Structures are given as structure tokens and as C-alpha cells.
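First the structure, in the form of C-alpha cells, and then the observations on it.
Everything numeric here is computed off the predicted structure, so don't read it as measured data. All chains are named by letter (A, B, ...) in the order of the sequence lines, taking the proteins before the strands, and each is independently numbered beginning at 1.
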Amino acid sequence: MSLGLPDLTCPVTEVAPGLLGCLLGVRAEDGWAVLRITEVEAYGGDGDPASHAYKGVTPRNQVMFGPAGHLYVYRSHGIHWCANVVTGREGEASAVLLRAGEVVEGSDVARQRRGERPKPRDLARGPGNLARALGINADHDGADLLGQGAVRLEPPATAVGGIERGPRVGISRAADRPWRWWLGGEPSVSAYRKAVRRVRTAT
DNA sequence: TGGGAGATCAGA
DNA sequence: CTGATCTCCCAC
């Protein structure tokens with residue numbers, strides 16, 4: 001049960017569960033929407049082979065090495081955008097992947113961005129869908145979450161409880177680490193899937 | 001409810 | 001060539 005925002009400079013495995021229930025507001029070109037975070041994953045920290053920062057700084061992951069409280073956005077599978085909250089001390093890359101949430105404001109805009117197909121609970125289910133529902137893209141990479149900018153992170157509106165924990169989704173390395181946390185009973189939480197290596201393309 | 005395949009591209 | 005994914009389609 002947390003009240004305010006967690007201290008983002010703490011170790012990522014402590015910060016991650018503290019982000020559950022927090023609110024993330026995003027202003028994009030086509031509108032403003034707010035989301036209640038219901039599922040997260042920790043990356044980085046001490047030698048995490050599943051982290052984008054595992055092999056050091058690159059143009060893509062440089063935001064992860066910066067100060068806590070900024071948004072790290074990357075392109076996934078050439079199709080989706082995924083958003084992370086950078087944590088820890090400057091220089092030591094670590095971040096919390098936002099995997100799912102419940103849209104609490106601007107659901108009309110979110111619906112417009114996601115299309116008619118998905119059910120209400122699927123609006124921001126899964127990291128790619130979450131980013132799309134909020135209108136997050138490369139423009140938001142590096143955004144300061146604690147100021148009055150386009151992306152803002154705010155404390156939970158109500159007490160948070162019922163936190164559950166388990167292995168991360170869709171990764172092949174260090175797949176056994178229980179670095180995913182979610183709010184039990186929340187319909188927006190991703191279904192667990194093991195990582196599957198693609199076999200090959202014919203010919 | 002869950003497994004399998006395709007889409008599509010940036011990173012190393 | 002692989003991947004911190006999603007959606008559609010099919011079997012059970």
C-alpha cells in the first residue's frame with residue numbers, strides 16, 4: 001500500500017511495484033489521456049541480460065543511463081512503441097517497463113487511437129497497446145515525468161493493494177527472474193507468454 | 001483459453 | 001538475424 005510516488009532513485013526492483021496504481025498523463029498531438037498503471041516490469045539494475053542497457057550505452061538506450069524520472073521510449077518489432085520509467089542513479093541504467101493500465105481519462109481519444117475492435121479492458125493491455133492508447137512515440141523519448149511537460153507521473157488517487165509478482169513476459173534471457181508486478185484482479189493485466197524464438201522463413 | 005504465424009524494422 | 005509485441009485464426 002503506497003501513498004505518494006515511489007523514490008525513483010531507489011533500486012529498480014523496489015521502484016517497480018511502487019509505480020502500480022500511479023497515474024500517467026500524456027499530451028500528444030491529438031489529445032490528452034491519463035492511465036492508471038496496473039502492470040510493470042523491472043529491467044537493468046545489476047547485470048540484467050534482458051535489458052537494452054546490458055551491453056552499454058547506445059543512441060537508442062542513452063536515456064536509460066540518464067537521471068531517474070524520465071521516459072525511455074523505444075520501437076518494438078518495428079511496429080510498436082514501448083514506454084519505460086527510468087530509475088536509479090545517473091550512470092547506472094535501469095528502468096521500469098509499463099506493461100498495462102486502465103484508462104481513466106481521455107478514453108475517447110484512446111479509443112480513437114486504438115480503433116473499434118478492442119474491448120474497454122484491452123485499450124491499454126500490453127506495452128505496445130498502452131503506448132498507442134496514450135499516443136506515446138519517439139517525440140516523448142527522454143521526457144521529464146516530474147515536471148509540467150507533455151508526460152506526467154502522479155501518485156495514486158486511492159490506496160493501492162493486492163500486488164502480485166511473477167516472471168517477466170516475452171523474454172528469452174533471464175526469464176526466471178520474478179521481475180514483473182501487477183495488481184491482482186485487474187482485467188487489464190497481460191496474459192503471460194513465454195518467449196518464443198522464431199523458427200525461420202522458408203526457401 | 002491457448003498455441004502458432006505473419007507483420008515489419010532498428011539494433012548489434 | 002533477433003527481439004521487453006500484437007492480432008487474427010484455429011483447435012479443444
Side-chain angles (χ1 to χ4, degrees), chain A residues 11-13 15-17 19-20 24 35 37-65 70-88 92-103 110-142 165-182 185-203:
Chain A
V12 68
T13 51
V15 178
L19 287 175
L20 293 172
L24 184 71
L35 175 82
I37 300 170
T38 59
E39 183 187 6
V40 297
E41 274 178 3
Y43 283 91
D46 232 341
D48 177 7
S51 169
H52 286 173
Y54 186 52
K55 294 177 180 173
V57 193
T58 68
R60 175 175 69 161
N61 68 23
Q62 59 176 349
V63 173
M64 285 184 77
F65 289 83
H70 289 252
L71 198 68
Y72 164 48
V73 180
Y74 70 93
R75 180 85 103 166
S76 173
H77 289 255
I79 307 172
H80 306 98
W81 295 105
C82 292
N84 303 247
V85 173
V86 174
T87 68
E92 55 172 44
S94 59
V96 176
L97 171 68
L98 304 178
R99 291 199 58 89
E102 172 198 4
V103 177
R111 166 63 60 190
Q112 198 173 324
R113 299 195 271 233
R114 293 278 286 117
E116 296 301 321
R117 324 289 304 192
K119 304 172 204 167
R121 72 171 204 185
D122 292 332
L123 263 189
R125 188 187 205 207
N129 291 332
L130 181 151
R132 188 169 172 195
L134 289 178
I136 290 175
N137 57 46
D139 294 340
H140 299 101
D141 188 35
R165 179 180 190 177
R168 295 180 286 187
V169 172
I171 58 170
S172 55
R173 287 173 292 187
D176 53 319
R177 297 191 190 185
W179 282 11
R180 178 168 64 113
W181 291 264
W182 65 92
E186 275 293 331
S188 60
V189 173
S190 316
Y192 176 70
R193 286 210 180 181
K194 277 194 303 186
V196 284
R197 267 194 201 181
R198 208 167 62 179
V199 189
R200 76 148 155 169
T201 21
T203 82

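- Using a 4.0 Å cut-off between a side-chain N of Lys or Arg and a carboxylate O of Asp or Glu, A/Glu41 and A/Arg168 do not qualify as a salt bridge.
- In this structure, the nucleotide among C/dA4, B/dA12, C/dT5 sitting nearest to the side chain of A/His52 is C/dA4.
- At a cut-off of 3.5 angstrom, counting only N and O atoms as typed in the model, there is no donor on one side facing an acceptor on the other between the side-chain of A/Tyr74 and the base of B/dA10.
- To the nearest angstrom, P of C/dA4 lies 17 Å from CG of A/Asp141.
- Side-chain proximity of A/Ile79 to the nucleotides C/dA4, B/dT8, C/dG3 is greatest for B/dT8.
- Using a 4.0 Å heavy-atom distance criterion, A/Arg75 is classed as making no nucleic acid contact.
- Side-chain N/O atoms of A/Ser51 include none lying less than 4.0 angstrom from OP1 or OP2 on C/dA4.
- Under the 4.5 Å side-chain criterion, counting only non-hydrogen atoms from C-beta, A/Val12 is not in contact with A/Tyr43.
- Listed candidates were B/dG11, C/dG3, C/dA4. Nearest to the side chain of A/Arg60 is B/dG11.
- Between A/Asn129 and C/dT7 there is a side-chain N or O to OP1 or OP2 distance below 4.0 Å.
- Considering only side-chain atoms of A/His77, the nucleotide from C/dC6, C/dA4, C/dG3 that sits closest is C/dG3.
- Remark: C1' of C/dA4 and CZ of A/Arg132 are 19 Å apart, rounded to the nearest angstrom.
- You'll find that the side chain of A/His80 is closest to C/dT5, out of B/dA12, C/dT5, C/dA4.
- If you check B/dA7 for Watson-Crick or wobble pairing at under 3.5 angstrom, you find it paired to C/dT5.
- The shortest heavy-atom contact between A/Trp182 and A/Gly166 is CZ3-N, 3.3 Å.
- Summarising the geometry, the separation between CG on A/Asn61 and C1' on C/dA4 is reported as 13 Å, rounded to the nearest angstrom.
- Nucleic acid contact class of A/Arg114 (heavy atoms, under 4.0 Å, all strands): sugar-phosphate only.
- Closest contact between the side chain of A/Ser76 and the listed nucleotides C/dT5, C/dA4, C/dC8 involves C/dT5.
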